Amino acid sequence: MGKAKQVSWRDAKPASVVFVSGPEEYLADRAIRSIRDQLKALDAGVEVHELLAGDYTAGQLTTLASPSLFMEPRLVVISGVEKCTDALIEDGLSYLLEPSLETTIILRHNSSSVRGKKLIDAIRASDNAVEIACAEIKKESDKAAFIQSEFAAAGRKISPGALRALADAFADDLSELAAACSQLLSDQAESIDEATVDKYYGGRVETNAFKVADAALAGQSAEALALLRHALATGADPVPVVAAFAMKVRLMAKVYGNKYASAANVGAQPWQIDRARKDLAGWSEEGLANAVMAIATADAAVKGMERDPVFALEKLVLLLSNRGQKNTET
Amino acid sequence: MNTVLDFEPIWSELLGQPEAVSQLRQAVANKDAGLQHAWLLTGPPGSGRSNAATAFAAALLCEKAGCGQCKSCRMVSSGSHPDVSVLATEKVIISIEEIRQLVAASHFGGSVGKYQIMIIEDADRMTERSSNVLLKALEEPPAGTIWLLCAPSEADMLATIRSRVRRVALKQPSTETVADLLVARDGIERSLAMQVAAEAQGHIGMALRLATSSDARARRKETLVSAMQIDSIPKAMATAERWLELAKKDAEAITQERDDQERADLLSTLGIPEGGTIPPGLRADIKALEEAQKRRATRSLRDGIDRILVDLMSLYRDVLTIQLAAESELVNQDLKSQLDEMASSTRSTETISKLEAMALARVRIGANVRDLMVLESLAIQLRRKV
């Protein structure tokens with residue numbers, strides 16, 4: 001028994017059995033698409049079958065993958081292995097022992113369950129299989145690396161400023177980010193700088209409730225209000241926005257003047273506690289009390305006790321960026 | 001009850017409500033001369049609205065105006081009389097479908113006796129749409145159909161409903177009356193009965209629960225004591241969290257046992273052995289039950305939080321009573337020393353603004369504001385300046 005090769009999604013190549021794992025759907029799609037394109041390039045007559053693992057019935061794999069009379073190449077894509085039937089596990093195990101040479105089988109498992117573990121372990125232990133792990137791209141650094149590699153793969157350059165601007169503009173959805181990259185690649189000259197990105201995607205800020213809360217707690221009322229409008233305009237609902245504020249203020253209130261606050265007794269990560277302590281600079285007890293009360297009022301307002309939920313949110317943002325102090329002209 | 005009754009036995013559970021009982025009795029006595037076809041029974045929670053409706057229904061259907069002994073009376077009180085339909089809900093609202101079914105059923109007419117009686121408990125939980133479905137049926141019901149609606153107050157009903165019904169008001173029973181009932185009916189010891197009757201503030205069901213469960217009493221006491229100990233913001237936040245936990249425990253204590261029983265019953269109806277796997281085709285049934293239970297849990301939790309707020313109100317009401325030397329009975333007699341201390345160290349205006357904060361919190365809980373936020377905001381306002 002050998003061990004399946006680990007391959008990056010960018011280097012996806014046809015093999016007897018290709019196991020595409022990990023939660024990042026977009027990367028998995030890219031890998032599968034790339035394998036299909038490569039097979040098509042080799043032989044335009046490749047037969048493609050797509051199956052859902054949840055609907056799989058015994059024998060399907062053998063039927064689809066067994067060699068045909070003229071040895072045409074075949075591609076079988078089985079998606080949703082995280083919800084596979086028992087029949088697929090059995091058939092998959094026996095297929096792994098005797099894979100057919102001119103067929104490529106792709107199994108897609110999004111790691112949301114441990115279903116099919118027996119099959120996965122067998123694939124990983126097999127010589128004939130390769131695994132493409134598509135880890136989630138969440139951190140800013142991962143995103144930057146993704147953009148970088150998109151441009152590098154096309155043999156082009158992007159300036160660091162442009163890279164940051166692009167990552168800010170498409171903070172939520174990897175596929176949108178990738179689409180923006182390919183748009184820039186196809187339209188623009190050799191190297192891409194900040195001005196180019198700004199021309200294409202300027203003014204577009206993707207934000208979320210937590211960023212609004214961060215800006216407000218940092219005392220930047222104007223910025224916080226602008227971000228709030230951005231968040232609401234890009235589909236954030238007022239109710240979760242209040243909940244995000246509540247989370248931050250709740251932790252600050254738990255930590256306030258409390259030397260013994262620890263991860264265990266306030267129910268938060270140590271870095272969150274440090275962050276809350278930092279946010280507390282300049283807050284008075286009265287201000288904090290006002291903030292806690294204002295959040296309950298705002299939640300009531302966005303749930304219909306006042307007429308205009310957005311106005312209620314703006315009032316809350318202004319109160320928080322003023323450290324809970326009322327009656328100043330803002 | 002060992003006092004000699006001067007009315008039919010069916011009314012004996014309606015304690016301390018002589019006005020309401022005489023009104024209903026008169027209607028029963030003169031039913032052949034004509035009977036109002038729609039009634040609204042109002043009264044604070046726990047005053048026995050549903051009991052009054054059931055007793056009225058039984059008295060109307062009984063040949064001896066409510067003997068409590070005959071087959072008809074027994075069937076009504078056990079909820080199995082074919083001519084009495086009861087719509088009670090354990091959810092937050094009564095859905096429009098439920099009302100439609102009831103309205104359709106109201107046209108069948110009495111099968112055994114002359115009357116068919118439709119009871120809607122918690123009629124205040126009808127949405128406006130559901131209420132409108134009821135209007136037509138309420139205005140011109142078929143002969144012999146009597147509607148009995150129960151709600152905390154007249155103001156909870158739409159004006160269009162109010163104008164179609166005759167109102168019977170129940171009042172909050174006094175502490176003594178509730179205690180008497182607990183001693184006589186449930187065999188609770190006298191001193192405990194007096195204590196829980198005061199603490200439940202006239203809510204008979206609540207008093208019984210406090211009397212029979214030491215856990216419930218402990219939870220109530222913890223709520224009150226912790227409220228008096230809030231002296232800083234972190235403490236306020238921790239207390240709010242603890243209150244929510246207590247409300248959850250209280251709600252669980254009420255629902256958990258029933259949830260498990262219902263699930264076991266459903267499984268045995270479906271023929272699934274204990275601990276067996278559920279075939280995919282039957283999962284929908286289990287899911288429906290779980291959803292219904294979840295809705296009930298939501299309401300139960302909300303009721304639990306409301307109880308906490310009511311208990312807290314009783315605490316500050318006591319403080320205010322002492323501060324104003326009002327000389328009326330304290331609800332929380334067992335906390336007398338702490339109450340005295342608090343009354344002397346704070347001013348009555350503060351107490352009043354705290355009571356207002358609690359009233360607002362109750363409104364907010366009713367308006368579906370996140371429970372923890374409401375409690376935190378309240379706890380912050382209850383904290384004592386040091």
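These numbers were taken from a predicted model, which means no experiment stands behind them. Quick note on labels: first sequence line is chain A, next is B, and so on, each numbered from 1.
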Shorter than 4.5 Å, heavy atoms on both sides: which option in B/Leu375, B/Ile233, B/Leu378 has the most such pairs with chain A?
B/Ile233
How about NZ on A/Lys83, more than 12 heavy atoms from neighbouring residues, nucleotides or ligands closer than 6.0 Å, or not?
no
Close approach to chain A in residues 237-250 of chain B, criterion heavy atom under 4.5 Å
B/Met237, B/Glu241
Which residues, numbered in order, of residues 353-369 of chain B come under 4.5 angstrom of chain A by heavy-atom distance?
B/Val363, B/Arg364, B/Ala367, B/Asn368, B/Val369
Counting neighbours of CZ on A/Arg115 that are heavy atoms of other residues, nucleotides or ligands and sit closer than 6.0 Å, is the number greater than 12?
yes
Within 6.0 angstrom of A/Arg229 CZ, more than 12 heavy atoms from elsewhere
no
dist B/Met373:CE -> A/Ile295:CD1 (nearest 0.5 Å) comes out at 7.0 Å
Chain B contacts, top residue of A/Ala296, A/Ala246, A/Ala243 (heavy-atom pairs, under 4.5 Å):
A/Ala296
Most heavy-atom pairs under 4.5 Å with chain B, out of A/Ala253, A/Gly257, A/Ala294, A/Gly304, belong to A/Ala253
Which atoms of A/Val242 are under 4.5 Å from chain B, going by heavy atoms: the side chain, the backbone, both sets, or neither?
both
Could you check which of A/Met252, A/Arg250, A/Met305 has the highest count of heavy-atom pairs closer than 4.5 Å to chain B?
A/Arg250
Rounded to the nearest 0.5 angstrom, the CG-CD1 distance for A/Leu288 and B/Ile380 is 6.5 Å
